[in-house]
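Let me begin by presenting the structure, written as C-alpha cells, before commenting on it.
What you are looking at is a predicted structure, and each value in this text was computed from that prediction instead of being measured.
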Amino acid sequence: MKTKILISAMVLALSACSSTTDQTAPSAQATSAHNPSINKEAVMQGKPVVYQIFTRLYGNKNTTNKPWGTIEENGVGKFNDIDEAALKSIKELGTTHVWYTGVPHHAVIRDYTAYGITNDDPDVVKGRAGSPYAVKDYYNVNPDLAVDPAQRLQEFEALIARTHAQGMKVIIDIVPNHVARSYHSLSKPAGVDDFGARDNTHVEYARDNNFYYVVNQPFKVPEPQHHYRPLGGEPHFLSDGQFYEVPAKWTGNGSRLAQPKFDDWYETVKINYGVSADGYKDFPLLPAEYAYKDVREHAEFWRGKSVPDSWIKFRQIVEYWLDKHVDGFRFDMAEMVPVEFWSYLNSAIKQKNPDAFLLAEVYNPAEYRNYLRLGKMDYLYDKVEMYDSLKAIIQNRAPTDVIAQVQSGMADIESHMLHFLENHDEQRIVSPEFAGDAQKAKPAMVVSALISRSPTMLYFGQEVGEAGALASGFGSPSRTTIFDYAGVPAHQRFMNGGKFDGGQSTAAEKDLREFYRQLLNLSARESGFSGEYRELHSLNRYAGGGYDGKVFAFARWNSHQQWLVVSNFSATEVREFNLQLTPDLVEQWQLTKPEYELQSRLGENRTLLLHVHDKSASVTIKLAPLESLVLQLKN
C-alpha cells in the first residue's frame, strides 16, 4: 500500500466459529505443463528481471491529466492496450516476469451497476479510481481495465496468454492482510463464502472469524485532514461523510478504533488469521527445525491440520489464479500476517506449481530469514537495506562504504533479496524529492542489478525518466498516482500512440532506455552475474589514490565468465585510479599471464588491460561523472 507505516528506518550505519479443518491435500505432482501456452524456448535463463506495470495507467494514451478527472476526461489503460508490440518492447529490456499491478477487482467510484457490481462509497475509497490494495472481489478483475466489463476476466486471460507467447511470466498482487470495506464477490466459485459471511459479529475475536470487530459500535468515517474532500469536492450521491458498517471492523493497518484516523488505512479492514486481540496464536506452530525443511515437508506438516478459516480462503484464491495460468504472486505487507500462514500457503502453491514466483513485501530486516526459511518465500523486497542505502548515496547522505556493509550482512540470503530503485510506493528517481535527474541513478542501478544473484525489478516509466510530477487527486506528486486516472507523460512519449517504439521520446529518454536495456540484459543473460561475488571496495578504499567514498567496485564470476564492475557516484567529478584485485581473486581466476584484456560491455565499447604481477593485479580506471564500467575478462 502507498500509505504504509515503515517498520524499520533506513540503514545508513556502516555496520551492518467451530473448528475448521483444511481437507484439501496438496498435490505432489509436478506441473511442467502448468502453462501449456508459454513458449518455453523464449524464456530467458539467468537472473529474473521483473517489469512492474501499473495496469490502469500503462496503456492510457489520454494526456489531459485533470486532477480528480474521470475516465471520460483522463482516460484509462486497458488489458487490450498491452498488445504484442507493448510486450515485445518490455521483453527487449531483458524482462522475464511482468507484474501486472492492480488487477484484482478493487473498490472504484465508477458506476458498474449495469454489470451487477455494487457502487462504492467515496467516503471509504481513496481517489477516484481507488486503491489497488482495497480488493473488493478476489475472483474477478478491475472492470476499468476491460473494453467490455462483462468480459473483463476473459480479457485478462487473453493478456496472460499474450504475455506467455512472448516468453514472459505473469505475476499479480495478493493482499492477505486486508480487503476493502465493501468486499463482496460476484464471481466466487461454488462452495466459496465471502469474507465475513459466517462471522460471529458479537465478539471482537473468534478464530474462524475473518474479521475483528469493535463490538456494539458503528464505523465512523475519519475526520479529514489538509482540507481533503472526496473526489476533490465533486458532489456524489454516496458522499455524505457516512458509511454503514455495524459493528465496526478493525482497520487494515490494525487500528481498533470505530473511527480510524485519516492516515490509517481506513478504506480497508484487517483480516484475522487466528491471532487473538492479545496476540495468542490460535493455530499449530511450526517447529524451529522447519527452517531447514523444503516445501514438500512443509506441505506435509499442514496436511489434515485444523487451520483458521481465513487461511483456507486465501488458499482457494491463489489456487483459482494458478488454474488461470498466473505464474506467481507479489504479497502485499506480508510481515503483518503470521509466518505459519505463509508456510501453509506457499507450500501449497509450490505443490501445484513448483516454479511459481513468490515475492513478499517485508520491511523488517529482523524477520527476513523467518519469512524466507519458515514462510518459504522465494524473494523479499530489499528496501530497508540496499534501496535505502543507494538512495542515501545518490542524495549525498552516505558514502559508498555502506554498500559493502549491506551486502556482507545479507551474504546468506542475498539471492532472495529483490533489488529495485522504483516501484509504485516509492518516489520517482527524477522527482526533486529523490534525485531530480535520471542520470544520478545510473551508478546505483548498475550496482543494484549486478551485485547479487537476486532478481531486479523495474517500474514502468523508470527506463525513460518519468518524473511523477502530476497532482492527480488523492496523494501528492513525486510518486505516480495509484489512486486516480492519469497519463504518464514520459511513458506516453515512448508509447507513441500504441506503437511502443519511442517515436515521441526525447533523445535523452532514448539514451536512458538504451542504458537500461543493455544493463538488464547483462543481468538476465550473462551467467557470471549468477555466480560468485567479491567486493573490491575495502582494498581500494584503503589504498586511496583517487578511489574514495564516491566509487564502488566488485567482481562477479563463475567457471565460464569473469567480470569487474566499477561505478562513480559523483555527479560532478572524474575519478581516476588503479583498481586492484585481491590476491585470492587473482588465484581464484587463475591469472597467470602478465596481462589480460578487459572488454567493456555497457555503454561505450572499449578495451582495458589488466596487469598481473605475481599475486596482485590492477587495471587503470578513468570514470566520468556518474559513469560505470562493466568489464568482462577475455581469456
Side-chain angles (χ1 to χ4, degrees), residues 46-47 393 399-408 410-411 414 442-444 446-453 518-519 522-523 525-570 573-635:
K47 291 168 55 174
I393 296 166
T400 53
D401 308 303
V402 71
I403 300 172
Q405 298 298 330
V406 165
Q407 193 68 6
S408 175
M410 292 286 184
E414 55 84 24
K442 279 185 171 181
V446 170
V447 171
S448 180
L450 301 182
I451 195 170
S452 294
R453 292 175 293 158
Q518 290 184 25
L519 174 63
L522 285 172
S523 181
R525 294 179 183 274
E526 301 295 346
S527 62
F529 295 113
S530 296
E532 300 300 315
Y533 161 83
R534 177 82 77 253
E535 63 101 348
L536 303 176
H537 180 77
S538 300
L539 171 65
N540 287 278
R541 186 84 152 96
Y542 179 79
Y547 187 109
D548 61 10
K550 288 291 186 180
V551 181
F552 192 79
F554 58 93
R556 301 299 312 275
W557 76 94
N558 63 11
S559 59
H560 302 291
Q561 297 181 337
Q562 298 82 35
W563 298 85
L564 297 175
V565 181
V566 55
S567 294
N568 178 12
F569 283 77
S570 173
E573 297 177 358
V574 172
R575 290 293 187 270
E576 190 168 3
F577 51 87
N578 285 322
L579 180 70
Q580 301 180 37
L581 276 58
T582 58
D584 64 321
L585 188 62
V586 174
E587 182 178 357
Q588 180 75 43
W589 285 9
Q590 299 179 25
L591 301 179
T592 57
K593 295 189 297 184
E595 62 182 35
Y596 292 83
E597 288 188 352
L598 294 167
Q599 188 68 42
S600 173
R601 293 288 306 279
L602 179 67
E604 180 185 349
N605 185 17
R606 53 176 152 154
T607 301
L608 282 71
L609 288 179
L610 178 69
H611 300 281
V612 180
H613 309 281
D614 193 14
K615 293 183 179 181
S616 65
S618 65
V619 55
T620 300
I621 299 289
K622 184 176 183 180
L623 293 169
L626 302 175
E627 184 182 15
S628 295
L629 287 175
V630 179
L631 302 168
Q632 185 174 13
L633 184 74
K634 296 182 68 176
N635 291 316

Go through the steps to decide whether R534 and D584 satisfy the test side-chain contact (heavy atoms from CB on, under 4.5 Å), and finish with yes or no.
CA-CA 10 Å; R534 177 82 77 253; D584 64 321; 2.8 Å; yes
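- A heavy-atom distance below 4.5 Å is not found between the side chains of K442 and S628.
- Distance CD/Q562 to CG/L631: 12.5 Å, rounded to 0.5 Å.
- Put simply, CH2 on W557 and CG on L564 are 10.5 Å apart, with the number rounded to the nearest 0.5 Å.
- Between the CZ atom of F569 and the CG atom of L623 there is a distance of 11.0 Å, given to the nearest 0.5 Å.
- The shortest side-chain heavy-atom distance between T592 and V612 does not fall under the 4.5 Å cut-off.
- E414 places none of its side-chain heavy atoms less than 4.5 Å from the side chain of I451.
- Annotation: side chain of F552 is not in contact with side chain of I393 (no heavy-atom distance under 4.5 Å).
- One N or O on the side chain of R556 and one on the backbone of E532 form a donor-acceptor pair closer than 3.5 Å.
- Side-chain contact check for S616 and Q580: no donor-acceptor pair (N or O, by modelled atom type) lies under 3.5 Å.
- Here the closest heavy-atom approach between residue V574 and residue A624 is recorded as CG2-CA, 4.4 Å.
- With Q518 contributing its side chain and G603 its backbone, the two residues share a donor-acceptor pair below 3.5 Å.
- A tilted orientation is assigned to the rings of Y533 and F554, their planes being inclined by 30° to 60°.
- A distance of 9.5 Å separates CG in L633 from CD in E597, rounded to the nearest 0.5 Å.
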Test salt bridge (Lys or Arg N to Asp or Glu O under 4.0 Å) on E587 and K615 and set out the steps.
CA-CA 7 Å; E587 182 178 357; K615 293 183 179 181; 6.0 Å; no
Between L591 and L581, does the side-chain contact (heavy atoms from CB on, under 4.5 Å) criterion hold? Intermediate values first, please.
CA-CA 11 Å; L591 301 179; L581 276 58; 4.1 Å; yes
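- Put simply, the side chain of I621 reaches to within 4.5 Å of the side chain of L608, judged on heavy atoms.
- S567 and V446 make their closest contact through OG-CG1, 3.8 Å (heavy atoms, listed as atom of the first residue, atom of the second, distance).
- For Y547, the ring pair (Phe, Tyr, Trp, His ring centres under 6.0 Å) criterion is met by H537, F577, not counting sequence neighbours.
- Each of K47, H560, R601, Q632 was evaluated against E526; a single residue qualifies, R601, per the side-chain hydrogen bond (donor to acceptor under 3.5 Å, both in side chains) test.
- Contact check for L519 versus L602: side-chain heavy atoms found under the 4.5 Å cut-off.
- Between the side chain of N540 and the backbone N or O of A553 there is no donor-acceptor pair closer than 3.5 Å.
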Evaluation steps, side-chain contact (heavy atoms from CB on, under 4.5 Å), between K550 and E573:
CA-CA 10 Å; K550 288 291 186 180; E573 297 177 358; over 6 Å; no
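- Looking at residues two or more places apart in sequence or on another chain, you find no side-chain hydrogen bond (donor to acceptor under 3.5 Å, both in side chains) involving T400.
- Between the side chains of N568 and S570, no donor N or O sits under 3.5 Å from an acceptor N or O.
- Side-chain polar atoms of T620 and N578 form a donor-acceptor pair below 3.5 angstrom.
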For side-chain contact (heavy atoms from CB on, under 4.5 Å), just list the numbers for H611 and V619, CA-CA rounded to whole Å, side-chain angles, deciding distance to a tenth of an Å, and then say yes or no.
CA-CA 6 Å; H611 300 281; V619 55; over 6 Å; no
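- Taking 4.5 Å as the limit, some side-chain heavy atom of F529 sits within range of a side-chain heavy atom of V630.
- Nearest approach of N558 to G528, heavy atoms of both residues: ND2-N, 3.6 Å.
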